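The structure presented is a predicted model; accordingly, all values stated were derived computationally and were not measured. Whatever order the structure lists them in is the order used to number ligands and atoms, beginning at 1. Sequential numbering from 1 along the given sequence is applied to the chain's residues.
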Amino acid sequence: MVKATYYVEADMPLEKAAKAIAAEQSTGTWTEVEYEKEVHEKLGARVLSAKDNIVEIDFPVEIFEPDNIPGILSVVAGNLFGLGGLNACKLIDVDFDPIVKYYNGPEFGIQEARKFLGVYDRPLVGTIIKPKVGLNPKRTAEVAEMAALGGLDLIKDDETLTDQKFCPLEDRLIAVMDKLHKVEDKIGKKCFYAVNITVGGDQIIERAERAKELGANMIMVDILTAGFSAVQALTDEKIGLPIHVHRTMHGALTRGNFGIAMPVIAKLTRMVGGTNLHIGTYSGKMERNVEEINYSRDILRKPWAGFKPMFPACSGGLYPQLVKANLDGYGIDVILQAGGGIHGHPEGTTAGAKAMFQAVDAWKKGVSIEEYARDHHELEMAIKQWGK
Ligand code: 3PG
C-alpha cells in the first residue's frame with residue numbers, strides 16, 4: 001500500500017470527502033457502477049483515517065505503474081483537486097517506500113560534490129548570475145569569473161535562462177568554463193557551473209550530452225516545468241553529471257489551499273536523482289513554512305532506500321546578514337545561494353562572495369557578524385549596504 005496524506009476542508013463531513021477522494025482516485029466515480037465490484041477489492045483505495053482535516057488514503061501498489069511518475073501523480077495528485085465541495089485539498093505527504101526500489105536516486109550526492117570541490121567542513125556557497133537574463137555569453141562569463149575569484153563553490157544560471165538568442169547555451173557554457181578553468185589555475189579552487197539545460201523531454205538528453213561534451217561539470221533542470229521524468233531520464237541515461245534542481249513554479253503547487261506540498265516534491269526529486277534542490281530559506285525573500293522546510297531538508301539528507309543524500313539549496317533573497325538564521329536551520333550540509341546578495345555588494349561581485357564567506361566564518365566561530373565585520377572589510381560594507 002502507498003499511503004497518501006491530504007489536508008482537506010470540505011462542505012461535507014470529512015469522512016465523506018475522504019471516501020469521494022479515494023473513489024475518484026481509484027476504482028470509483030460519482031455513482032455506483034456495477035462492474036466496480038469486479039475490481040474494487042484489488043484496486044480500490046481505502047480511507048485509513050479522516051480527522052482534524054487530515055485524510056490518509058491507502059492506494060494498493062497494483063494500481064500504479066511503479067516507475068512512471070506522471071502516472072503515479074495522476075493517481076495521488078490527479079482529479080481530486082478539482083472535486084466540487086472541497087474548499088481545500090493539499091497533498092502533504094506520500095509514503096513511496098513500497099515502490100522506491102524502482103528508482104535509482106542521485107548518481108551524484110553530497111559526498112561526490114564535496115569531493116569534487118575538496119570542501120568538507122563548511123556549507124557550500126554559490127551564486128546565481130544576475131541579471132537573470134539579458135547578459136550575452138561573454139558578459140555572463142565575466143560575471144562568473146568575478147564570482148569564482150571570490151572563492152565560490154557553485155555558479156548557476158537562473159531559472160529563466162535556457163538557450164535564448166541573446167545568450168546561446170553552448171557559447172555561454174564554453175565561455176564560462178574557460179573562465180572557471182583560468183580562475184582554478186589562479187586560486188587553486190574548483191567551482192561548479194550549473195548550466196540550465198531545461199527544455200522539452202524530446203530534447204533534454206541531447207542537450208545534456210552536448211553540455212557534457214563541451215565540458216560542463218554540472219547541469220541544471222527546472223523540475224516542475226520540465227517534469228520529474230526529465231530528471232529521471234537524465235539519471236537513467238547515466239549522463240554522468242551532477243544535477244542542480246530548481247523548483248520554479250512551485251508556488252502554484254505549494255501555496256494556498258490546493259496543491260502539493262514541498263516535501264512531496266523533495267521526495268520525488270531524490271527518487272529521480274537530483275543532486276541539489278531548492279527547498280527554501282529560513283530567512284529570505286520567499287514565503288515559507290518552517291515545518292515544511294525542516295521536513296524537506298530531512299527528506300533530502302536522511303538515510304533512505306540506499307539513495308545518496310542531496311544538498312538542500314537555500315536560495316531567494318539571501319545576503320550575509322541572513323546566513324546565521326539559515327545555517328542555524330540547515331547546519332553545514334547546505335548550499336547557500338545568493339544572487340543579488342553577492343552581485344549587489346557595493347564593491348562588486350568578488351567582494352560580495354567574500355562577504356558571504358565571512359558571514360559563514362562568523363557563524364562557525366559563534367561570533368556575531370557585527371563583531372566579525374570589525375576586521376573583515378567586505379562584511380562591513382555588506383552591513384552598511386543592507387543594514388543589520
Ligand atoms: C533563485 O534562483 O533562487 C533566485 O534567482 C535567487 O536570486 P536572489 O538571491 O537575487 O534572490
Side-chain angles (χ1 to χ4, degrees), residues 123-135 140 143-144 146-147 150 152-162 164 167 172 176 191-198 218-226 231 242-255 262 265-266 269 274-289 292-293 296-297 300 310-327 329-330 334-346 348-357 359-360 382 385-387:
L124 305 191
V125 183
T127 193
I128 310 103
I129 301 280
K130 297 283 174 178
K132 61 166 72 192
V133 287
L135 300 180
T140 304
V143 175
M146 289 187 287
L152 292 182
D153 304 300
L154 185 150
I155 295 168
K156 65 175 272 291
D157 289 336
D158 225 330
E159 73 283 353
T160 56
L161 181 65
T162 53
Q164 293 96 328
C167 196
R172 175 171 89 243
V176 170
C191 178
F192 284 115
Y193 170 46
V195 60
N196 186 5
I197 63 157
T198 301
M218 181 176 274
I219 48 178
M220 167 172 147
V221 179
D222 297 338
I223 197 162
L224 296 177
T225 54
V231 176
I243 307 173
H244 184 94
V245 179
H246 198 291
R247 62 173 181 164
T248 188
M249 202 173 81
H250 77 277
L253 297 172
T254 59
R255 299 184 83 174
M262 197 57 213
I265 296 169
T269 304
T275 304
N276 318 323
L277 172 67
H278 292 227
I279 60 167
T281 57
Y282 288 91
S283 180
K285 76 180 180 189
M286 309 295 264
E287 174 271 347
R288 73 188 58 79
N289 172 328
E292 283 188 7
I293 299 178
S296 301
R297 172 199 66 194
L300 296 187
M310 292 177 62
F311 266 119
C314 167
S315 188
L318 211 60
Y319 56 104
Q321 284 87 325
L322 306 187
V323 163
K324 179 180 183 316
N326 283 294
L327 290 182
Y330 277 115
V334 65
I335 304 173
L336 297 173
Q337 279 182 179
I342 283 183
H343 308 293
H345 189 281
T349 295
T350 308
K354 288 184 181 167
M356 283 293 289
F357 279 114
V360 170
Q385 176 79 353
W386 292 303

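In terms of protein heavy-atom proximity, atom 7 (O) of ligand 1 is nearest to Lys130 NZ, 3.1 Å. Protein heavy atom at the shortest distance from atom 2 (O) of ligand 1 is His246 NE2, 3.0 Å. Nearest protein neighbour of atom 1 (C) of ligand 1, counting heavy atoms only, is Ser315 OG, 3.4 Å.
Ile335 contributes atom CD1, which lies 3.5 Å from atom CG of Asn276 (distance to the nearest 0.5 angstrom). Thr254 OG1 to Met262 CE: the interatomic distance, rounded to the nearest 0.5 Å, is 7.5 Å.
For a threshold of 3.5 Å applied to N or O pairs, the pair formed by Lys285 and ligand 1 contains at least one separation below that value. Looking at ligand 1, you won't find any N or O of Ile128 less than 3.5 Å from one of its N or O atoms. Considering backbone and side-chain N/O of Gly340, one or more are found under 3.5 Å from N/O of ligand 1. Checked by distance only, ligand 1 and Gly339 come closer than 3.5 Å through their nitrogen or oxygen atoms. Ligand 1 has a nitrogen or oxygen under 3.5 angstrom from a nitrogen or oxygen of Asp158.
The main-chain N or O of Ile265 is never found under 3.5 Å from a side-chain atom of Arg247 such that the two would form a donor-acceptor pair. The backbone N or O of Met146 lies less than 3.5 Å from a partner atom in the side chain of Thr350, making a donor-acceptor pair. Of the possible polar contacts, one joining the Asp153 side chain to the Val125 backbone as a donor-acceptor pair under 3.5 Å is found. In this structure a side-chain-to-backbone donor-acceptor pair under 3.5 Å is missing from Arg255 to His250. Distance alone, capped at 3.5 Å, places no donor-acceptor pair between the Glu159 side chain and the Asp222 backbone.
Ring geometry for Tyr282 against Tyr330 counts as perpendicular: the plane angle is over 60°, on a 0 to 90° scale with 30° as the lower cut. Using the six-membered ring where Trp is involved, His244 and His278 have ring planes that are perpendicular, over 60° apart on the 30 and 60° scheme.
In this structure, Gly341 falls outside the shell of residues with a heavy atom less than 4.0 angstrom from ligand 1. Ligand 1 has no atom lying under 4.0 Å from any heavy atom of Met286. Contact analysis leaves Lys132 out of contact with ligand 1, as no non-hydrogen atom separation drops below 4.0 angstrom.
Atom numbering of ligand 1 starts at 1 in the shown order; those under 4.0 Å from a heavy atom of His278 are 2 (O), 3 (O). Every atom of ligand 1 with a heavy atom of Gly317 under 4.0 Å away is listed here by number and element: 8 (P), 9 (O), 11 (O).
With a 4.0 Å cut-off on non-hydrogen atoms, Lys156 touches ligand 1 through its side chain and not its backbone.
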